[in-house]
Amino acid sequence: MSVIDILGDQEETLGTAEDLREEIVVDVARQEVSGSSVKVEFETSAGLCTGHYFSSELGHEEIVLEPGSVEILQVLYPSFNGVFLHPGNRDWVEISLSEHITGLPEYKIYNRIVLG
């Protein structure tokens with residue numbers, strides 16, 4: 001065990017090299033591959049929505065929402081028809097509506113966890 005000698009008297013304050021060593025744990029994020037189950041969360045003005053999808057090579061996967069999330073979106077969008085990954089940017093979700101309008105509502109994904 002070695003002692004760090006910085007200006008002599010500060011040894012008690014700083015401790016030894018062993019005291020200063022920190023264990024850094026790196027959680028390697030799983031890569032999203034075809035067939036992976038992925039949990040996503042996105043924030044709306046009425047609350048946090050949570051769901052999951054199975055990743056595919058085709059893109060624009062449908063997100064299966066938790067029941068509470070479906071209720072939130074039905075309040076915000078009475079013609080709510082489903083949620084999909086945005087076809088052009090996988091960091092966003094797109095809300096599908098049963099009525100035809102110009103431009104669909106979109107939300108940035110707040111959290112994404114690849115489950116396996």
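Nothing here was measured: the structure is a model prediction, and the numbers come from that model.
There is a path of hydrophobic side-chain contacts, each under 4.5 Å, that joins V114 to I63. A single hydrophobic cluster is seen to contain both V83 and L104, as judged by linkage of ILVMFWY side chains at heavy-atom distances under 4.5 Å, directly or through other members. In the hydrophobic clustering of this structure, F84 does not group with L76; members are Ile, Leu, Val, Met, Phe, Trp, Tyr whose side-chain heavy atoms approach within less than 4.5 Å, directly or through other members. Cluster membership for W92 and I109, using ILVMFWY side-chain heavy atoms within less than 4.5 angstrom, is not shared. By the criterion of side-chain heavy atoms lying less than 4.5 angstrom apart, applied directly or through intervening Ile, Leu, Val, Met, Phe, Trp or Tyr residues, V70 is grouped together with F42 in one hydrophobic cluster.
Inter-residue side-chain proximity for S96 and E62 is flagged as unmet; no heavy-atom pair is nearer than 4.5 Å. Proximity of R112 to D91: side-chain heavy atoms (C-beta onward) are separated by under 4.5 Å at one or more points. Counting only heavy atoms from C-beta outward, the side chains of E61 and R90 approach each other to under 4.5 Å. At least one side-chain heavy atom of L48 sits under 4.5 Å from a side-chain heavy atom of E43. In this structure, the side chains of L97 and P105 come closer than 4.5 Å at one or more pairs of heavy atoms.
A distance of 5.5 Å separates OG1 of T44 from CD1 of I72, quoted to the nearest 0.5 Å. From C49, atom SG reaches atom OH of Y110 across 13.5 Å, with rounding to the nearest 0.5 Å. Separating the CG atom in N111 from the NZ atom in K39 is a distance of 7.5 Å, to the nearest 0.5 Å. Atom CD of Q74 is separated from atom CG of N81 by 10.5 Å, given to the nearest 0.5 angstrom. Rounding to the nearest 0.5 Å gives a distance of 12.0 Å between OG of S55 and CG of L115. Atoms CG and NZ, from N89 and K108 in turn, are 6.5 Å apart once rounded to the nearest 0.5 Å.
Contact record, S37 with F54: CB-CE2, 3.7 Å, taken as the closest heavy-atom pair.
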Starting from the C-alpha separation in whole Å, work towards a yes-or-no answer on side-chain contact (heavy atoms from CB on, under 4.5 Å) for Y53 and V93.
-> CA-CA 11 Å; Y53 65 91; V93 296; over 6 Å; no

